[in-house]
Protein chains: 2
Amino acid sequence: MSQDNAGVDLETSLGYLLKEASSALRAAMEEALRPFGMNVTRYACLELLAQRPGLSNSELARGAFVTRQSMNVLLQALEREGYVTRPAEAPVGKVLPTRLTPLGRRSLEKATAAVRSVEVRMLTGMTGTEQSEAFRLLRSMIRSLRDAG
Amino acid sequence: MSQDNAGVDLETSLGYLLKEASSALRAAMEEALRPFGMNVTRYACLELLAQRPGLSNSELARGAFVTRQSMNVLLQALEREGYVTRPAEAPVGKVLPTRLTPLGRRSLEKATAAVRSVEVRMLTGMTGTEQSEAFRLLRSMIRSLRDAG
DNA sequence: TGACTCATGTCAGCATTCTGACATAAGCTC
DNA sequence: GAGCTTATGTCAGAATGCTGACATGAGTCA
C-alpha cells in the first residue's frame with residue numbers, strides 16, 4: 001500500500017473524503033432529478049428562487065456555486081422555457097430580480113420530493129446530535145478555507 | 001426569510017453545506033495549483049499514481065471522480081507531455097498500467113506542498129478528535145448514499 | 001466449446017462550465 | 001463634480017467533462 005511516501009495520503013485525507021462525499025451526493029441527486037428532466041444546478045436555481053424570490057443573477061450564481069456567466073446562460077434558458085421571469089429593465093442599477101412562474105413552482109415541487117429523499121437517505125444511521133456535529137464541523141472547514149482565501 | 005415553505009431549507013440542509021464545503025475546497029485547491037500549471041483533476045491523477053503505481057485508466061477515473069472517458073483524455077495529454085508512461089500493449093487483458101516518469105514525480109512534488117497547506121488550513125481550529133469525527137461522519141454519509149444507489 | 005455478462009480502452013459528439021472582455025451602474029473619497 | 005473601486009449583466013471563445021457507442025478481453029456457467 002506504499003504507506004511511507006511524502007505525499008498527501010488519500011486514504012486518510014479529509015479533503016479527499018469531502019470530495020468523495022460530495023461526488024456521491026451529486027451523483028445521487030442527478031439520478032433522482034433525471035426523471036424530471038432536471039439537473040442539480042437547475043434545481044438549485046429554482047429552489048433558491050422559491051426561498052428568496054427576487055434574487056439577482058449574481059446572487060443565484062453564488063448560491064448555486066457556479067460563475068455568474070454560467071448562471072446567466074441557465075437563466076436565459078429557464079426564462080425562454082417559462083420557468084422564471086425577469087423584468088425587461090432593471091428597477092435599480094443593473095440588477096434584474098428573478099421570480100418563479102407558476103410553471104416553475106410546479107416543476108420545482110415535483111423535484112423537491114426526490115431531492116429530499118436523497119438527503120434523508122444520506123442521513124440514515126446518523127443521530128440528530130451527529131447531524132448537528134457534522135453541520136458544525138463543515139461550517140468550521142468552510143470558514144477556515146475562506147478566511148485566508 | 002420565508003421559513004414556512006415546503007421545500008428543502010438550504011440554510012439548514014446538510015447536503016447544501018456539503019456542497020458548499022466541497023466548492024470552497026476545490027476553489028482553494030485550484031488557486032493553490034494554478035502557479036504550477038495544474039488543476040485538481042490533474043493533481044489527483046498524479047497523486048494516485050504516486051501512491052499506487054500501475055493503476056489503470058478506469059481505476060484512476062474512479063479515484064479522481066471523473067468518467068473513464070475524461071481520464072483517458074487527461075492521460076493522453078499527460079503521456080504526450082512526458083509526465084506518465086503506458087505500455088504500448090496491455091500485459092494482460094486490455095488494462096494499461098500507468099506509471100509516473102521522473103518528470104511527473106518532480107512536478108507532483110512541487111504541487112503537493114501547496115495542496116497540503118490548503119488541507120492544513122481547512123483543518124485549522126479543529127481538534128484531532130473533531131477531525132476523526134468528521135472523517136467518521138463523512139464515511140457514514142458516503143456509505144448510506146451508495147447502499148441504495 | 002459456446003453464450004452470456006461484465007469491465008476496459010477509446011473515439012466522436014454534445015453539454016456544461018469556465019476565463020476573458022466590455023459596458024454600465026452604485027458607492028465612496030477627495 | 002471627478003476619479004477610483006467594486007459589482008453587475010452579458011457576449012464570445014475555450015476548456016473540461018459527460019453520454020453514447022463500439023470492439024475487445026476476462027470470467028462464469030451450462
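Throughout, protein chains are lettered first and strands after them, A, B, ... in sequence-line order, and every chain is numbered starting at 1.
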Quickly work out the [X] [atom1] to [N] [atom2] distance and round it to whole Å.
X	N	atom1	atom2	result
A:N39	C:dA15	CG	C1'	10 Å
A:E31	D:dC18	CD	C1'	16 Å
A:F65	C:dT16	CZ	C1'	18 Å
B:L33	D:dT16	CG	P	13 Å
B:L74	D:dA15	CG	C1'	13 Å
B:R34	C:dG20	CZ	C1'	13 Å
A:M71	D:dA7	CE	P	18 Å
A:E89	C:dA25	CD	P	11 Å

**OP:** Would you check, one step at a time, whether the test side chain to side chain contact (heavy atoms under 4.5 Å, CB included) holds for A:L78 with A:L46?
**Re:** CA-CA 9 Å; A:L78 288 173; A:L46 296 181; 4.2 Å; yes
Subject >> For the student: nearest non-hydrogen atoms of A:A50 and A:L108, plus distance >> reply: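 It is CB-CD2, 3.4 Å.
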Original post:
Do B:S132 and B:T129 get their side chains close enough for a donor-acceptor pair, meaning under 3.5 Å?
Top reply: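 No, B:T129 and B:S132 have no side-chain donor paired with an acceptor closer than 3.5 Å.
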Original post:
Using a distance-only test with no angle check, is there a side-chain donor-acceptor pair under 3.5 angstrom linking B:T112 and B:E109?
Top reply: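 Distance-only check fails for B:T112 and B:E109.
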Subject >> Where at least one partner belongs to residues 57-98 of chain A, residue pairs that pass ring-ring contact (aromatic ring centres under 6.0 Å, His included), sequence neighbours excluded >> reply: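 Every pair satisfying ring-ring contact (aromatic ring centres under 6.0 Å, His included) with a residue in residues 57-98 of chain A: A:F65-B:Y16.
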Taking the basic N atoms (NZ, or NE/NH1/NH2) and the acidic carboxylate oxygens, is any pair closer than 4.0 Å for [X] and [Y]?
X	Y	answer
B:E133	B:R136	yes
B:R68	B:E59	no
A:E20	B:R62	no
A:E30	A:R34	no

Phosphate-side-chain proximity, [X] and [N], N/O vs OP1/OP2 below 4.0 Å:
X	N	value
A:R62	D:dT8	yes
B:T41	D:dT16	no
A:T67	C:dT17	no

Report each atom pair, protein N/O against N/O of nucleotides 9-11 of chain D, whose distance is under 3.5 angstrom.
from: D:dG9; atom 1: OP1; to: A:N57; atom 2: N; distance (Å): 3.4
from: D:dG9; atom 1: OP1; to: A:L96; atom 2: N; distance (Å): 3.4
from: D:dG9; atom 1: OP2; to: A:S58; atom 2: N; distance (Å): 2.8
from: D:dG9; atom 1: OP2; to: A:S58; atom 2: OG; distance (Å): 2.7
from: D:dG9; atom 1: N7; to: A:R68; atom 2: NE; distance (Å): 3.0
from: D:dG9; atom 1: O6; to: A:R68; atom 2: NH2; distance (Å): 2.7
from: D:dT10; atom 1: OP2; to: A:N72; atom 2: OD1; distance (Å): 2.9
from: D:dT10; atom 1: OP2; to: A:R86; atom 2: NH1; distance (Å): 3.1
from: D:dC11; atom 1: OP2; to: A:Q76; atom 2: NE2; distance (Å): 2.9

**OP:** Would you work out how much the helix from C:dT1-D:dA30 to C:dC30-D:dG1 bends between its ends, with each end axis defined by five base pairs, to 10 degrees?
**Re:**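 It works out to 40° between the end axes.
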Subject >> Comparing A:V73 and A:G93 on DNA chain C - which has the more 5′ nearest nucleotide >> reply: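 Result: A:V73.
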**OP:** When you get a sec, tell me which of C:dT8, D:dG17, D:dA26 is the closest nucleotide to the side chain of B:V92?
**Re:**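 Closest of the options to the side chain of B:V92: D:dA26.
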